[in-house]
Asker: 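Okay, here's the structure, questions in a sec.
What you see below is based on every heavy atom in this structure, not just the backbone, and it leaves out hydrogens, waters and symmetry mates. Counting from 1, the numbers follow the sequence of the chain as shown.
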Amino acid sequence: MFIGYKQVIVGFILYFNIISCTPLFKLSHIIQLVNSIPNHSWKAGINFHPSFLTNVSLSHLMGVLPWNELSEKDTLHTYDLSIDSQPLPDSYDVTQTWSECKSVASIRDQSNCIFGSCWALSTASAFSDRLCITSNMNINTVLSGEYINSCCDGKCGNGCNGGHPEKAWKYIKKNGLCTGGEYNSNEGCQPYSIFPCPRNSNSCSKENEETPQCFKNQCTNSNYDIPLSSDLYYATKVYSVKPKPEIIMNDIYKNGPVVAAMKVYEDFIYYKGGIYQYTTGGFKGDHAVKIMGWGEDDGIDYWLCANTWGTSWGMGGMFKIRRGRNECGIENRITGGLPKV
């Protein structure tokens, strides 16, 4: 049977369109595009298995609900922390200054919690750091993202279906936050209960994980001998930070890491190192991260941040992002809280 050249061309176009929609093609295309830019500030690479890079799977990585969905009573007032006459250092890294704080060195892994628990994990992580710093390491523990994600479900948002960092801070102030480490850590009152999704393999054990059951009055770790009622830590003040780099830096320097809600585009998924700035790909959702410090490389100012995608992503779970020009909205929606010590 003779096939005309028109049929061949149509077939080729159809084939190319099918191939170009596959995760493997997108992965190769984005990595090649980013890494081919001369003197680009960051490098792309493989963080997740191609089968994980579907729209459904990527939705597991983002979990911050839009700011405009917050009611007026749920927004946080800004906290005008006085700025000393002495200038801030050119670079600062909480992981170096407070390296003995357990939570500072811990990278959270939200796993495949349907549409993301980053809002809960990043807030719990930042509050853990601040508690250790404010107490001068007298209270050196990891606080439970599980407790916020599960028990603030409905008040803070929808658990594994996303939430608001602002409401998470308010929940800590009113209800307190118990201890709890990562999955299977046997650490604290309520460790994270969702198995780390093996994003470097073909599939997770379950495609979606629902919000875990809330245990508001008891610990889920049977080996932890402190009752939950005696294991709660509270914030005395919760607030938003004005979107000015020097004010954000001042708050981090004095009080510890802050939570930032940033916009994630497709190329960020492939970040491996350097100073990230948006290069290519569509918008994927809003995501909560923890800003740990700042610095400058090759004339580019950056924020140093901790993600909640486990240690196999980026720089061992960390990343740098351009500072001072509100890259991906990272300076727009900053929140923090002061621990009761």
Asker: Would you call the rings of Trp169 and Phe127 parallel, tilted or perpendicular, taking 30° and 60° as the class edges?
Answerer: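 Plane angle over 60°, so perpendicular.
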Asker: Counting only heavy atoms from other residues, nucleotides and ligands, does the tally under 6.0 Å from CD of Glu69 exceed 12?
Answerer: yes
Asker: Using only heavy-atom distances, determine whether the side chains of Ser111 and Asp109 contain a donor-acceptor pair under 3.5 Å.
Answerer: no
Asker: Is it the case that Tyr239 and Asp251 place a side-chain donor and acceptor less than 3.5 Å from each other?
Answerer: yes
Asker: Heavy-atom count around Tyr253 OH within 6.0 Å, excluding the residue itself: above 12?
Answerer: no
Asker: If you apply the rule salt bridge (Lys or Arg N to Asp or Glu O under 4.0 Å), what do you find for Lys320 with Asp297, and how did you get there?
Answerer: CA-CA 10 Å; Lys320 296 175 181 178; Asp297 282 340; 3.0 Å; yes
Asker: So that I can tick it off, tell me whether Arg323 and Glu296 are bridged by a salt bridge, with the cut-off set at under 4.0 angstrom between side-chain N and carboxylate O.
Answerer: no
Asker: Hey, does Val264 have a side-chain heavy atom less than 4.5 Å from the side chain of Ile269?
Answerer: yes
Asker: Would you say the side-chain atoms of Glu146 and Ser193 include a donor-acceptor pair closer than 3.5 Å?
Answerer: yes
Asker: Would you say the side-chain atoms of Asp129 and Ser103 include a donor-acceptor pair closer than 3.5 Å?
Answerer: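 There is such a pair (donor and acceptor under 3.5 Å, judged by atom type) between the side chains of Asp129 and Ser103.
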Asker: Taking all non-hydrogen atoms of both residues, which atom of Gln277 and which atom of Ser41 are closest, and how far apart?
Answerer: NE2-OG, 2.8 Å
Asker: Taking the side chain as everything from C-beta on, heavy atoms only, tell me whether Pro89 gets closer than 4.5 Å to Trp294.
Answerer: yes
Asker: Go through the steps to decide whether Thr134 and Leu338 satisfy the test side chain to side chain contact (heavy atoms under 4.5 Å, CB included), and finish with yes or no.
Answerer: CA-CA 8 Å; Thr134 302; Leu338 302 179; over 6 Å; no
Asker: List the atom of Ile31, the atom of Gly45, and the distance in Å for their closest heavy-atom pair.
Answerer: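 Ile31 and Gly45 have their closest heavy atoms at CD1-C, 3.6 Å.
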Asker: Give a yes-or-no answer on whether the side chains of Ser128 and Tyr233 include a donor-acceptor pair shorter than 3.5 Å.
Answerer: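 Absent: no donor and acceptor within the cut-off.
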Asker: Around atom CG of Asp90, are there more than 12 heavy atoms of other residues, nucleotides or ligands at under 6.0 Å?
Answerer: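 At most 12 heavy atoms, drawn from other residues, nucleotides or ligands, come within 6.0 Å of this atom.
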Asker: Can you check whether Cys132 and Cys101 have SGs under 2.5 Å apart?
Answerer: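 Judged by the SG atoms alone, which are under 2.5 Å apart, Cys101 and Cys132 are bridged.
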Asker: Quick one: are Ile133 and Val94 in side-chain contact, heavy atoms under 4.5 Å?
Answerer: yes
Asker: Within a strict 4.5 Å, meaning less than it, do heavy atoms of the Cys160 and Asn149 side chains meet?
Answerer: yes
Asker: Does the pair Arg322 and Ile300 meet the rule for a side chain to side chain contact (heavy atoms under 4.5 Å, CB included), with working shown?
Answerer: CA-CA 7 Å; Arg322 192 154 190 170; Ile300 302 176; 3.9 Å; yes
Asker: Classify the side-chain pair Ser117/Gln110 by whether it contains a donor and acceptor separated by less than 3.5 Å.
Answerer: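 No.
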Asker: Just by distance, with hydrogens left out, do Ser122 and Lys290 show a side-chain donor and acceptor under 3.5 Å apart?
Answerer: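 Absent: no donor and acceptor within the cut-off.
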Asker: Do we see a donor-acceptor contact under 3.5 Å between the side chains of Trp303 and Glu327?
Answerer: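 There is no such pair between these side chains.
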Asker: Do the side chains of Arg108 and Asn307 get nearer than 4.5 Å, heavy atoms only?
Answerer: no
Asker: Identify every side-chain donor-acceptor pair in residues 242-250 under 3.5 Å, counting partners at least two apart or on other chains, and give the distances.
Answerer:
from	atom 1	to	atom 2	distance (Å)
Lys242	NZ	Asp80	OD1	3.2
Asn250	ND2	Ser82	O	3.3

Asker: Can Tyr224 and Asp231 be counted as having a side-chain donor-acceptor contact under 3.5 angstrom?
Answerer: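 Asp231 and Tyr224 do have a side-chain donor-acceptor pair below 3.5 Å.
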Asker: Kindly confirm or rule out an SG-SG distance below 2.5 Å between Cys178 and Cys219.
Answerer: no
Asker: Just to verify, what does Phe268 make a ring-ring contact (aromatic ring centres under 6.0 Å, His included) with, not counting sequence neighbours?
Answerer: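 Partners of Phe268 under the ring-ring contact (aromatic ring centres under 6.0 Å, His included) test: Tyr276, Trp309, Trp313, Phe319.
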Asker: Quick one: does Thr220's side chain get under 4.5 Å of Gln218's, heavy atoms only?
Answerer: no
Asker: Answer whether the closest heavy-atom distance between the side chains of Leu76 and Lys170 falls below 4.5 Å.
Answerer: yes
Asker: So does Lys254 have more than 12 non-hydrogen atoms from other groups sitting under 6.0 Å from NZ?
Answerer: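 Count over threshold, so yes.
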Asker: Quick one: are Thr141 and Lys102 in side-chain contact, heavy atoms under 4.5 Å?
Answerer: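 No. Closest side-chain heavy atoms not under 4.5 Å.
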Asker: Does one side chain, of His40 or Thr279, offer a donor that lies under 3.5 Å from an acceptor on the other?
Answerer: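 Checked: His40/Thr279 side chains pair up, N/O donor to acceptor below 3.5 Å.
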Asker: Check the pair Tyr192 / Tyr183 against ring pair (Phe, Tyr, Trp, His ring centres under 6.0 Å), numbers first and verdict last.
Answerer: CA-CA 5 Å; Tyr192 201 60; Tyr183 178 85; 8.1 Å; no
Asker: Can you see which heavy atom on Ser91 is nearest to which on Gly295, and at what distance?
Answerer: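 In terms of heavy atoms, the two residues are closest at CB-CA, 3.9 Å.
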